[in-house]
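These numbers come from the heavy atoms of this one structure, side chains and all, not from hydrogens, waters or symmetry mates. Sequence lines set the chain letters: A, B, ... in the order given, protein chains first and strands last, and positions in each chain run from 1.
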Number of protein chains: 2
Amino acid sequence: MVRLARVGDRSVAVLAGTAGDRALDLGPRPLPELFAELDGIRDLVERTDADALPPLDTAVLRAPVVPRAMLCLGYNYRGHVPDGVDPTADDPVTPDVFVKTPNTLGGPNDPVVVPTVADDVDYEGEIAVVIGRRAHGVALDDALSHVAGYTLLNDVSDRSWQRRQSQWALGKCFDGFAPLGPWLVTADEIDPQDLLVEVVRDGEVTVSQSTATTIFSVAFVVHYLSQVLTLEPGDVISTGTPQKLSAAQDAHRPLAPGDAVTVRVRGIGELTTTFIAPPGEPE
Amino acid sequence: MVRLARVGDRSVAVLAGTAGDRALDLGPRPLPELFAELDGIRDLVERTDADALPPLDTAVLRAPVVPRAMLCLGYNYRGHVPDGVDPTADDPVTPDVFVKTPNTLGGPNDPVVVPTVADDVDYEGEIAVVIGRRAHGVALDDALSHVAGYTLLNDVSDRSWQRRQSQWALGKCFDGFAPLGPWLVTADEIDPQDLLVEVVRDGEVTVSQSTATTIFSVAFVVHYLSQVLTLEPGDVISTGTPQKLSAAQDAHRPLAPGDAVTVRVRGIGELTTTFIAPPGEPE
């Protein structure tokens with residue numbers, strides 16, 4: 001398992017040193033161009049003395065990939081029912097999929113602006129699949145071989161805009177509403193159906209649910225989406241959000257400037273997003 | 001008014017010669033990089049003897065722009081009611097917006113593959129707005145000044161995939177399902193609320209309706225969407241499709257390999273798309 005990140009204009013492997021994370025420079029090429037060379041990178045990481053490397057400068061981490069397409073699942077964890085769906089109904093037989101546009105992409109340390117026109121901003125902590133190898137019409141059994149690895153996405157949404165019409169796009173596509181990172185963890189040691197997704201809002205755990213409770217496995221989702229789109233290296237499929245814990249549902253209020261939300265998954269990492277007022281406006 | 005196109009890796013102005021269209025080379029920069037120089041291009045076009053130019057090689061026309069975001073309206077012409085919407089209801093108060101992903105983009109002469117897994121493929125002939133100048137939170141009165149021009153889009157859709165879930169993305173996002181072109185017509189002589197949109201399928205006119213019947217003007221749509229996304233030069237907003245004429249509705253059958261659909265709008269141009277079987281499969 002290797003952690004791969006973008007630091008400024010460089011790709012790096014992130015190694016655990018005795019006093020924190022270290023950065024092994026892999027050159028300027030974006031991560032998707034390195035996905036075919038992962039075996040060599042793994043060997044290099046194993047041969048490298050982490051403590052001889054410079055510290056990872058987390059302040060300049062950028063989104064690990066710049067996806068051509070960012071596809072998101074609307075209803076995947078049992079118990080999480082989107083607006084307008086009958087909660088007593090059977091599991092859906094196919095995923096409900098929407099798109100986040102490129103203007104939404106943010107780095108793992110980029111704050112998210114709470115837009116003046118948005119009054120019901122919410123978070124969704126999600127595991128994001130990063131495509132490693134072109135996928136078109138791939139069989140279920142072969143689907144995971146097209147996955148380079150996993151990272152975290154906060155699918156920030158404004159519920160008010162989301163609910164105005166049948167399609168959710170505008171609630172999902174405000175600038176910066178898709179912070180991604182902090183890095184990509186290669187798929188080799190991860191069982192994507194056995195990960196605990198947790199979200200911490202302002203110090204309280206508000207989500208805690210295992211991917212074992214998803215309706216659609218990562219393999220199925222890659223297989224299914226590849227019937228429609230040719231998925232390219234670096235494309236992202238976000239696997240949906242668990243329902244908030246019931247106390248968190250009761251206490252929920254829209255995100256406001258000053259709030260912070262952390263998405264964390266053991267084996268992948270933590271993605272903390274702070275919410276801020278638009279530039280020039282008071283908090 | 002100037003027609004701007006991409007021919008291979010060049011930008012060109014398209015001039016009407018006495019024996020057909022001619023191409024005035026504008027260099028390799030993509031069209032959005034030229035949008036700030038339109039006055040100079042107009043002057044150049046006026047000074048140029050079209051008949052001294054080489055003929056436009058329509059065979060190698062590409063999509064005039066490669067949008068970062070391609071946003072589409074679901075319900076804009078009075079009389080066209082999408083699935084699930086009550087046709088007797090009042091006009092919607094806000095546009096219903098969805099996204100087409102970058103894999104859908106096609107050039108004006110690219111055939112569209114009817115996917116093996118799609119059995120209810122349909123066309124939607126639309127006027128596409130091309131953003132000329134960055135737009136974020138623009139006022140209604142100022143919105144049209146952010147438009148570089150207009151082109152045509154066939155919003156190809158598979159109704160069966162579109163209807164599987166609440167979100168239409170998968171029905172809209174098959175590879176090549178957004179042929180765009182043939183060129184961009186600059187906005188200066190176009191009244192976007194007075195254009196007749198026609199579609200011809202296999203020789204029959206199936207759509208004929210004016211943009212005067214739209215619920216949301218181009219100015220409103222640019223204003224409204226810019227509240228959410230920062231629109232960048234080259235981004236595309238497709239303005240929705242009129243309903244098919246009633247005889248065409250009655251005669252409608254899904255598109256199949258061998259079919260051809262032309263979207264035409266006087267003052268903009270014609271976009272003809274042929275539908276073909278997947279490579280290696282018989283028609």
J.: Side chain, backbone, both or neither: which part of A:V97 has a heavy atom under 4.5 Å from chain B?
T.: both
J.: For A:D96 and B:S166, which I'm curious about, is there any donor-acceptor pair between the side chains at under 3.5 Å?
T.: yes
J.: Could you look at A:T230 and say if it's the side chain, the backbone, both or neither that has a heavy atom under 4.5 Å from chain B?
T.: both
J.: Between A:H136, A:M70, A:Q227, which shows the greatest number of heavy-atom pairs under 4.5 Å with chain B?
T.: A:Q227
J.: Side chain, backbone, both or neither: which part of A:L231 has a heavy atom under 4.5 Å from chain B?
T.: neither
J.: Distance only, no hydrogens: is a donor on one side chain within 3.5 Å (strictly under) of an acceptor on the other, for B:S11 and B:R6?
T.: yes
J.: Hey, what's the ring geometry for B:F174 with B:W161, parallel, tilted or perpendicular (30° and 60° as the breaks)?
T.: perpendicular
J.: So which residue, B:V99, B:D235, B:V228, B:V93, ends up with the most heavy-atom pairs under 4.5 Å with chain A?
T.: B:V228
J.: Does the ring of B:Y123 carry B:K244 above it, NZ/CZ under 6.0 angstrom from centre and within 45° of its axis?
T.: yes
J.: What I want to find out is whether B:R62 reaches B:D9 closely enough, with some N-O distance under 4.0 Å, to be called a salt bridge.
T.: yes
J.: Identify which of A:A169, A:G137, A:C173, A:P115 forms the greatest number of heavy-atom pairs closer than 4.5 Å to chain B.
T.: A:C173
J.: Given the options B:T94, B:T104, B:L225, which has more heavy-atom pairs under 4.5 Å with chain A than any of the others?
T.: B:T94
J.: Set out, in order, the CA-CA distance, both residues' side-chain angles and the distance that settles ring-ring contact (aromatic ring centres under 6.0 Å, His included) for A:F98 and B:W168, then state yes or no.
T.: CA-CA 8 Å; A:F98 61 94; B:W168 304 336; over 10 Å; no
J.: Among B:L170, B:L71, B:D158, which residue forms the greatest number of heavy-atom pairs with chain A at distances under 4.5 Å?
T.: B:L170
J.: Would you mind checking which part of A:F177 comes under 4.5 Å of any heavy atom in chain B, side chain (CB onward), backbone (N, CA, C, O), both or neither?
T.: neither
